Amino acid sequence: MTGRFRVTVWDPVLIISQIIAVQSSFYFSYGILLILGSFLTGSQCTLSNIFYFRALNFSDVHGVLTIVCYIISGLFGSMALWKIVKRTKQCLDFSITAYIIHIVMCSMYSSSLPNTVSWWILTVVAVTIMCVTGEFLCIKSELEDIPLLGARVDL
C-alpha cells in the first residue's frame, strides 16, 4: 500500500474523450438555446450565430439573444464538468480548453482572430462562470459523506 489517497494515472485517451465530451455538450447546449431563442424571437438561426464573433453584439435583439445563450451555455458547460470530469482541480483546465477550442473554431470560421473587445469580455465572463460553477458543483460532490456501513447508523 502506497498511502496515497488518489493515484493519478496519465491516460491521454480519457483526457481527450473528456475534452470532446465537454466541448460537445457546450456546443449542443449553445445550439439548442440559440434554436429556442430564435424560435421565440422569430429570427433566423445559422452557424454564424455560434462561430462568427460579430454575432455577439448589443445592437439588436438577436445579438442580445446570442449573448444570453453564450453565457447560459457556460452554465451547461459547468454541469458537463461536474458530470464528466468530476474533479475540482481539473475544472479550470477543461474550461480554458473548451474556450480555446472555441476561439480556434471562431477564427477558422471568420478567417481572422476575434477583434472586438465585447467578444473577449464575454468570453472571459463565460469561462469564469463555467469554471467557478463547475468547481462549486464538483467540490459539493467531493465533500459528500461516504457511507461506510450498509445501514444508516446515528451515533
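Bear in mind that the values here come from a model prediction, so they are computed numbers and not experimental data.
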**Student:** Roughly how far, to the nearest 0.5 Å, is the CG atom of Leu36 from the SG atom of Cys45?
**Tutor:**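 Nearest 0.5 Å value for the SG-CG distance: 9.5 Å.
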**Student:** Measure across Thr66 and Asn49 and return the closest heavy-atom pair with its distance rounded to 0.1 Å.
**Tutor:**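 Heavy atoms of Thr66 and Asn49 come nearest at CG2-O, 3.5 Å.
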**Student:** Given the rule that I, L, V, M, F, W and Y join up when any side-chain heavy atoms are under 4.5 Å apart, are Ile16 and Leu14 in one cluster?
**Tutor:**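 No, Ile16 does not connect to Leu14 through the hydrophobic network.
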**Student:** Are Tyr52 and Leu65 linked, directly or through intermediate hydrophobic residues, by side-chain heavy-atom contacts shorter than 4.5 Å (ILVMFWY only)?
**Tutor:**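 No; Tyr52 is not reachable from Leu65 via cluster members.
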**Student:** How far does CD1 of Ile100 sit from OG1 of Thr123, to the nearest 0.5 angstrom?
**Tutor:**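 The OG1 atom of Thr123 is 11.5 Å from CD1 of Ile100, to the nearest 0.5 Å.
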**Student:** Do you see a donor-acceptor pair shorter than 3.5 Å between the side chains of Glu142 and Thr88?
**Tutor:**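 Side-chain D/A pair, Glu142 to Thr88: present.
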**Student:** Side-chain contact test, heavy atoms from C-beta onward, threshold under 4.5 Å: evaluate it for Leu81 versus Ser95 and give yes or no.
**Tutor:**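 Yes. Closest side-chain heavy atoms under 4.5 Å.
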**Student:** Check Lys83 against Lys86 and note the closest heavy-atom contact, atom names and distance.
**Tutor:**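 That closest heavy-atom pairing would be O-CE, 3.0 Å.
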**Student:** Does any N or O in the side chain of Ser111 come within less than 3.5 Å of the main-chain N or O of Ser107, such that one atom is a donor and the other an acceptor?
**Tutor:**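 Between the backbone of Ser107 and the side chain of Ser111 there is no qualifying donor-acceptor contact (under 3.5 Å).
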**Student:** Classify the ring geometry of Tyr109 against Phe51: parallel below 30°, tilted from 30° to 60°, perpendicular beyond 60°.
**Tutor:**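 Rings of Tyr109 and Phe51: tilted, as their planes differ by 30° to 60°.
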**Student:** Examine Leu34 and Val125 and state if one hydrophobic cluster contains both, with Ile, Leu, Val, Met, Phe, Trp and Tyr joined whenever side-chain heavy atoms are less than 4.5 Å apart.
**Tutor:**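 Leu34 and Val125: one cluster.
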**Student:** Transitive ILVMFWY cluster of Met108 at side-chain heavy atoms under 4.5 Å: who else is in it?
**Tutor:**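 Members alongside Met108: Val104.
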**Student:** Treating Ile, Leu, Val, Met, Phe, Trp and Tyr as nodes and any side-chain heavy-atom pair under 4.5 angstrom as an edge, say whether Ile84 and Val132 lie in one connected cluster.
**Tutor:**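 No, it is not one cluster - the side chains of Ile84 and Val132 are not joined through contacts under 4.5 Å.
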**Student:** So, for Gln90 and Val85, which heavy atoms are closest and what is the spacing to 0.1 Å?
**Tutor:**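 That would be OE1-CG1, 3.4 Å.
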**Student:** Apply side-chain contact (heavy atoms from CB on, under 4.5 Å) to the pair Ile71 and Leu122, showing each step before the final yes or no.
**Tutor:** CA-CA 8 Å; Ile71 299 297; Leu122 288 169; 4.2 Å; yes
**Student:** How long is the straight-line distance from SG of Cys91 back to CE of Met130, given to the nearest 0.5 Å?
**Tutor:**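 That separation rounds to 8.5 Å.
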**Student:** Test your reading of the model: is there a side-chain donor-acceptor pair from Asn57 to the backbone of Arg54, 3.5 Å cut-off?
**Tutor:**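 Flag set: sc Asn57 to bb Arg54 pair under 3.5 Å.
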**Student:** Verify the ring-centre separation between Tyr70 and His102: is it less than 6.0 angstrom?
**Tutor:**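 Ring centres of Tyr70 and His102 closer than 6.0 Å.
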**Student:** Considering only heavy atoms from C-beta outward, does the side chain of Ser73 approach that of Tyr27 to under 4.5 Å?
**Tutor:**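 No; the side chains remain at least 4.5 Å from each other.
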**Student:** Once rounded to the nearest 0.5 Å, what's the spacing between atom CD1 of Ile20 and atom CD1 of Ile101?
**Tutor:**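 Reported to 0.5 Å precision, the distance equals 8.5 Å.
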**Student:** Taking only residues two or more places apart in sequence, or in another chain, which ones meet His62 in a ring-ring contact (aromatic ring centres under 6.0 Å, His included)?
**Tutor:**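 His62 satisfies ring-ring contact (aromatic ring centres under 6.0 Å, His included) with no residue once adjacent residues are dropped.
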**Student:** Which distance, rounded to the nearest 0.5 Å, do you find between the CH2 of Trp82 and the CD1 of Ile139?
**Tutor:**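 It is 14.0 Å, given to the nearest 0.5 Å.
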**Student:** Return yes if some donor-acceptor pair links the side-chain N/O of Ser78 with the main-chain N/O of Leu75 below 3.5 Å, else return no.
**Tutor:**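 Yes.
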**Student:** Taking a hydrophobic cluster as the set of Ile, Leu, Val, Met, Phe, Trp and Tyr residues connected by side-chain heavy atoms closer than 4.5 Å, whether directly or through intermediates, do Leu113 and Phe53 fall within one such cluster?
**Tutor:**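 Per the 4.5 Å side-chain linkage, Leu113 and Phe53 are co-clustered.
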**Student:** Could you check whether Phe26 and Phe76 have their ring centres less than 6.0 Å apart?
**Tutor:**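 Between Phe76 and Phe26, the centre distance exceeds or equals 6.0 Å.
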**Student:** How far does SG of Cys138 sit from NZ of Lys89, to the nearest 0.5 angstrom?
**Tutor:**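 Between atom SG of Cys138 and atom NZ of Lys89 there are 13.0 Å.
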**Student:** Minimum heavy-atom separation for Ile50 and Gly31, please, with both atom names.
**Tutor:**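 That would be CD1-CA, 4.2 Å.
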**Student:** Measure the shortest side-chain to side-chain distance between Gln18 and Thr97 over non-hydrogen atoms and say whether it is less than 4.5 angstrom.
**Tutor:**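 No; the side chains remain at least 4.5 Å from each other.
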**Student:** Side chains of Tyr99 and Phe94, heavy atoms from C-beta outward: is any pair under 4.5 Å?
**Tutor:**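 No, too far: nothing below the 4.5 Å cut-off.
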